[in-house]
Amino acid sequence: MSFNVYNTMTRNKDEFVPYKEGKVGMYTCGPTVYNYAHIGNLRTYIFEDVLKKSLEYLNYKVKHVMNVTDVGHLQSDGDDGQDKMALGARREHKTVWEIAKFYEDAFFEDCKKLNIKRPTIVCKATEHIQDMIDLIKKLEEKGYTYESNGNVYFEIDKFEDYTKLAHLSIDELEAGSRIKIDPNKKNPLDFVLWFTNSKFSKQIMQWDSPWGKGFPGWHLECSAMSLKYIGEYLDIHCGGVDHIAIHHTNEVAQSEGVIGHKWVKYWMHGEFLVLDSGKMSKSSGNFLTVSTLEEEGFSPLDYRYFCLQSKYRKQLVFSFESLNDARNGYKKLKERIATVLTSINQNDVTNDEKIGEYKEKFSSYISDDLNIANAFTVLFNVLKDGELNNKEKSILIENFDKIFSLDLMTIEKETTNVDEDLINKLIFERAEARVSKNFARADEIRNEFIAMNIELLDTKEGTTWKVK
Ligand code: AMP
Ligand code: ZN
């Protein structure tokens, strides 16, 4: 079965064939840590998490690298506006380093709540300044750069096919990115590789370089870190769609400029989450966070479930009403699963062939450019399949949850359907097993109680129980 993904570079659903058989190098653009991640950002990280877990499900060994931007990102993805980190520091009367540490921790805390797995390597821009300087030197040697008013620029006219990722003409790119006329630039789309004091005289984060004291441009860090940790052949590069026209286009120019050949095989982009009232943006302060959702009584996994209901390549409109619908759907699903998990007969025999057929179906949908909606249909079919016993169902639920990551095997207290007759029967059987020294059976029964979320209390009067 082939794994097919929509590739922004080819504008096609391409069969996924990594550079090295069985192994995947994957790079995802990480957060700029000057504020909390908003739920739009997190939709993109959920998509990337599903992608990575799907690859792992299909037995690829994935090396996932993500950067943390703690320097160099200006308000616009072009070269104007304020330094975001400095803005955050001023807003909160803290140092830029304190801001970076606080929001990086907050970001990973949110990811944990959303069951987003930590990348194999997380790398900070400020810890890779020398790598970035080395990259600029190489670009300089190859004639791609020029200095102007103290800054070092990448000259896009020197790079053949600068527009290939965006599939736009230079004029369209210029119009779309609303880049301001900058007299220092030869072409308005040229971008900064190294800023010196000519840009921000009071810049706190700055380093020595052959071009003067300063700091790197934002686009540079992703090229430098992905080349360092994954190398010249990168299988998958991801981000949100907003990155296609500027950030990723510039990354291609820098990386391919240095290595002299094709760099990324598959570019994958997640569409935006928008509010029903319009665009969500960190800089305008108009944004929702995981904490906002929690304050409104939703769990982070309600939000993960909500995101999984729509295709990653389609824009998703957020409203609390639709989140509420998702929560109800998720709750019902968990209740149905709890019924299965609490009624497993450990003596049941499992039919591997039938289980295999379901896994196959599930894989085929995942392999169709992450068709998660259809993958959920497979789960629902499993739940209503009268020929599957509960043990078989639980095996499949656990298996599918490797990608969904919705804690489907955890029984919520309120969703425990207590079957008192069964509990009393098992308590009696456990007592008998203990008397006859059949400790294996007694342990087995104890595990069944754990699965049912039931706590046994052995007292002088006998064994009682309660829902944990
Ligand atoms: P940033 O921290 O702004 O660099 O963004 C982090 C990630 O979130 C990037 O991959 C962006 O493309 C993505 N992103 C930004 N806004 C949204 C949004 N509203 N919906 C989905 N993804 C977004
Ligand atoms: Zn990036």
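Counting convention: from 1, in listed order, for ligands and their atoms alike. Small disclaimer: the values here were computed from a predicted structure and weren't measured.
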*Establish, yes or no, whether the cationic atom of K265 lies under 6.0 Å from the six-membered ring centre of Y19 and within 45° of the ring axis.*
yes
*Heavy-atom contacts with G239 under 4.0 Å: which atoms of ligand 1 show up? List them by number with element.*
10 (O)
*asked:* Could you go through N324 and F298, starting from their C-alpha distance and side-chain angles, then the distance that decides it, and tell me whether this counts as side-chain contact (heavy atoms from CB on, under 4.5 Å)?
replied: CA-CA 8 Å; N324 195 42; F298 293 93; 4.0 Å; yes
*asked:* Please report whether the ring centroid of F318 lies less than 6.0 Å from that of F306.
replied: yes
_Which residues pass the side chain to side chain donor-acceptor pair (under 3.5 Å) test with K101, not counting sequence neighbours?_
D105
*asked:* With heavy-atom distances below 4.0 Å as the criterion, list the atoms of ligand 1 near L273.
replied: 18 (C), 19 (N), 20 (N), 21 (C)
_Any nitrogen or oxygen of F272, side chain or backbone, less than 3.5 Å from one on ligand 1?_
no
_Is the contact between E271 and ligand 1 made by the side chain, the backbone, both, or neither, using heavy atoms and a 4.0 Å cut-off?_
backbone
*Near the Zn ion (ligand 2), meaning under 2.8 Å, how many protein N/O/S atoms are there?*
4
*Are Y60 and F16 near enough that their ring centres are under 6.0 Å apart?*
yes
*Out of T44, T69, N41, whose heavy atom is nearest to atom 22 (N) of ligand 1?*
T44
*asked:* Against ligand 1, does P31 come closer than 4.0 Å with any heavy atom?
replied: yes
*Before giving the answer on side-chain contact (heavy atoms from CB on, under 4.5 Å), spell out for W194 and I133 the whole-Å C-alpha distance, their side-chain angles and the decisive distance to 0.1 Å.*
CA-CA 8 Å; W194 190 262; I133 290 175; 3.9 Å; yes
*Among T44, T8, D242, find the one that has a side-chain hydrogen bond (donor to acceptor under 3.5 Å, both in side chains) with H269.*
T8
*Side chain, backbone, both or neither: which part of D242 comes within less than 4.0 Å of ligand 1 when only heavy atoms are counted?*
side chain
_Ligand-residue contact atoms, ligand 1 with T32, heavy atoms, under 4.0 Å_ = 2 (O), 4 (O)
*Using the test ring-ring contact (aromatic ring centres under 6.0 Å, His included), find all partners of F376 that sit at least two apart in sequence or belong to another chain.*
Y305, F404
_Is it the case that atom NZ in K311 sees more than 12 heavy atoms from other parts of the structure closer than 6.0 Å?_
yes
_Holding to side chain to side chain donor-acceptor pair (under 3.5 Å), I want the full list of residues that pass it with S291, two or more places apart in sequence or in another chain._
none
